[in-house]
There are 2 protein chains.
Amino acid sequence: MYSTSSLKAELNERGWRMTPQRETILQVFQNLSEGKHLSAEDLHILLNEQGEVISLSTIYRNLKLMSRMGILRELELAEGHKHYEINQPSPHHHHHLICVRCNKTIEFRNDAVLKTGAKTAQKEGYHC
Amino acid sequence: MYSTSSLKAELNERGWRMTPQRETILQVFQNLSEGKHLSAEDLHILLNEQGEVISLSTIYRNLKLMSRMGILRELELAEGHKHYEINQPSPHHHHHLICVRCNKTIEFRNDAVLKTGAKTAQKEGYHC
DNA sequence: GTCTTATTGAGAATGATACACAATTTTTCA
DNA sequence: TGAAAAATTGTGTATCATTCTCAATAAGAC
Ligand SMILES: [Mn+2]
Ligand SMILES: [Mn+2]
Ligand SMILES: [Zn+2]
Ligand SMILES: [Zn+2]
């Protein structure tokens with residue numbers, strides 16, 4: 001799990017900067033209960049309710065940044081917009097099953113699926 | 001693999017109709033070589049080049065319809081828009097591996113992954 | 001503290017997809 | 001066979017998520 005300081009360290013390593021907005025966003029996802037996913041809009045509203053106003057532009061920018069960094073996962077949950085969740089490492093990692101007809105969505109854990117993906121990525125020369 | 005007549009039968013079964021546009025779209029995907037995926041825009045251009053003009057609205061409508069029917073698969077390939085391919089049944093069914101950083105995309109086959117999905121769906125009471 | 005440069009916020013722009021509606025086809029059935 | 005009913009199409013427009021632009025601000029380096 002990412003702490004504020006490890007986020008800062010990793011940002012600086014890449015020539016980027018820590019900001020109060022980035023810290024706030026990280027905290028929201030860390031405190032989000034299992035199985036919940038937030039869209040950019042969801043996050044914006046949630047922060048407004050908490051009295052922490054961050055512009056929608058900044059939210060979009062940082063959700064994308066933190067996804068590329070591997071801190072968040074960007075999900076396509078059949079609702080026409082992206083959702084995000086914290087990117088948990090292996091024992092807590094989960095998959096999503098989404099019905100293409102009614103959009104019913106669930107989470108499940110399965111090591112074989114995870115390993116197949118990792119093994120295939122390695123075999124195909126994926127670099128990251 | 002869907003034939004023109006089985007598409008017609010299945011459409012009529014649901015109170016829908018066969019049209020030349022639907023037949024044309026089905027044929028394009030049937031003749032598409034393995035590993036290729038088309039966006040709505042791609043399909044529109046490809047049809048124009050073949051002299052078969054179908055409006056973009058009709059293309060969007062029918063790509064969605066045929067996906068809900070299970071004839072096509074709607075793919076989120078990290079390019080900001082949807083792609084489609086024919087939905088091959090089990091022995092030919094494949095998965096996509098997409099790098100979240102560089103968007104490298106490959107196809108691979110794996111029965112275990114397929115079965116895990118199916119089993120999980122059944123256990124969770126997915127209806128279709 | 002100052003300097004450099006990344007980041008933010010506000011608003012405008014973009015782009016994929018959905019929608020509205022009149023004209024046209026399919027299908028049904030008398 | 002030929003209306004009548006209903007689904008589908010094409011054109012144009014609307015919507016909505018996301019990105020872009022740019023001036024103002026703030027983080028990090030020295
Ligand atoms: Mn999840
Ligand atoms: Mn494919
Ligand atoms: Zn379903
Ligand atoms: Zn990559």
Side-chain angles (χ1 to χ4, degrees), chain A residues 4-26 28 37-48 51-69 71-84 100 103, chain B residues 4-5 7-26 28 37-48 51-69 71-72 74-84 100 103:
Chain A
T4 297
S5 59
S6 67
L7 173 58
K8 178 167 166 37
E10 195 157 328
L11 284 165
N12 291 348
E13 206 170 282
R14 308 186 193 203
W16 297 334
R17 296 174 183 175
M18 186 52 153
T19 65
Q21 290 88 343
R22 287 175 180 170
E23 181 173 353
T24 299
I25 292 172
L26 176 62
V28 167
H37 311 105
L38 297 180
S39 68
E41 193 68 36
D42 291 339
L43 177 56
H44 191 229
I45 291 169
L46 189 154
L47 288 171
N48 273 329
E52 305 239 32
V53 180
I54 299 180
S55 81
L56 206 46
S57 283
T58 298
I59 287 177
Y60 272 107
R61 269 190 300 248
N62 285 319
L63 288 176
K64 194 197 272 186
L65 178 73
M66 292 165 81
S67 298
R68 277 188 314 224
M69 290 177 73
I71 297 169
L72 298 180
R73 273 216 290 174
E74 190 174 74
L75 309 172
E76 306 276 2
L77 297 180
E79 292 180 47
H81 53 258
K82 288 168 183 152
H83 282 232
Y84 297 83
V100 297
N103 297 344
Chain B
T4 297
S5 59
L7 172 59
K8 178 166 164 41
E10 196 156 329
L11 285 165
N12 290 349
E13 204 170 283
R14 307 184 193 203
W16 298 334
R17 295 173 183 177
M18 185 53 152
T19 65
Q21 290 89 341
R22 288 175 179 168
E23 181 172 355
T24 300
I25 292 172
L26 176 63
V28 168
H37 312 105
L38 298 179
S39 66
E41 193 68 36
D42 291 339
L43 177 57
H44 191 229
I45 292 169
L46 189 154
L47 288 171
N48 273 328
E52 305 239 33
V53 180
I54 300 181
S55 81
L56 206 45
S57 281
T58 298
I59 287 178
Y60 272 108
R61 270 189 298 246
N62 284 319
L63 288 177
K64 193 196 274 186
L65 178 73
M66 291 165 81
S67 297
R68 278 187 312 222
M69 289 176 74
I71 296 169
L72 299 180
E74 190 175 72
L75 309 172
E76 306 276 1
L77 297 180
E79 292 181 47
H81 52 258
K82 288 169 183 153
H83 283 232
Y84 297 83
V100 296
N103 296 346

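Scope of the values below: all heavy atoms of this structure, side chains included, with no hydrogens, waters or symmetry mates. Residue numbers start from 1 in every chain, and the chains themselves are labelled A, B, ... in the order their sequence lines are given, proteins ahead of strands.
Both G15(B) and V53(B) sit near DNA chain D, but only G15(B) has its closest nucleotide nearer the 5' end. Of the two residues near DNA chain C, W16(B) and G80(B), the one whose nearest nucleotide lies more 5' is G80(B).
Side-chain N/O atoms of R61(B) and base N/O atoms of dA18(C) include no donor-acceptor pair closer than 3.5 Å. Under 3.5 Å, the side chain of S57(A) and the base of dA10(C) form at least one donor-acceptor pair of N or O atoms.
An OP1 or OP2 oxygen of dT8(C) is reached within less than 4.0 angstrom by a side-chain nitrogen or oxygen of T19(A). Within the 4.0 Å cut-off from OP1 or OP2 of dA18(C), not a single side-chain nitrogen or oxygen of Y60(B) is found. The phosphate of dA6(C) has neither OP1 nor OP2 within less than 4.0 Å of any side-chain N or O from N12(A). When the side-chain nitrogen and oxygen atoms of K8(A) are compared with OP1 and OP2 of dG28(D), one or more of them lie within a distance under 4.0 Å. OP1 or OP2 of dG9(C) sits under 4.0 Å from a side-chain N or O of T58(A).
Note: CD1 (I59(A)) to C1' (dC16(D)) measures 17 Å, nearest angstrom. In this structure, NE2 of H81(B) is placed 15 Å from C1' of dA17(D), rounded to the nearest angstrom. Protein atom CG of L63(B) is 11 Å distant from nucleotide atom C1' of dT17(C), rounded to whole Å. Between H44(A) atom NE2 and dT8(C) atom P there is a gap of 13 Å when expressed in whole angstrom units. One atom, CG of L56(B), and another, P of dT8(D), lie 19 Å apart when rounded to the nearest Å. For the pair E79(B) CD and dT17(C) P, the interatomic distance rounds to 11 Å; values are reported in whole Å. Rounded to an integer number of Å, the gap from D42(A) CG to dT18(D) P is 11 Å. When rounded to the nearest whole Å, the span between CD of E74(A) and P of dT18(D) equals 8 Å.
Here the closest non-hydrogen pair linking S39(A) and H81(A) is CB-CD2, 3.7 Å. When every heavy atom of H37(B) is checked against every heavy atom of L77(B), the shortest pair comes out as ND1-CD1, 3.7 Å. Taking both residues in full, the closest heavy atoms of L7(B) and M69(B) are given as CD1-CE, 4.2 Å, listed atom of the first, atom of the second, then distance. Of all heavy-atom pairs between R17(A) and L11(A), the closest is O-CD1, 3.5 Å.
Counting non-hydrogen atoms under 4.0 angstrom, I54(B) reaches the backbone sugars and phosphates but no base. The residue Q21(B) sits close only to the backbone: its heavy atoms come under 4.0 Å of sugar-phosphate atoms, none of a base.
Within the 3.5 Å criterion, the main-chain N or O of R22(A) finds no donor-acceptor partner in the side chain of N62(A). The closest donor-acceptor contact from the side chain of H44(A) to the backbone of I54(A) lies under 3.5 Å.
Distances from the side chain of R17(B) to the nucleotides dA18(C), dA6(D), dT11(D) place dA6(D) closest. Comparing atom distances between the R22(B) side chain and each of dT11(D), dA17(D), dT8(D) picks out dT8(D) as nearest.
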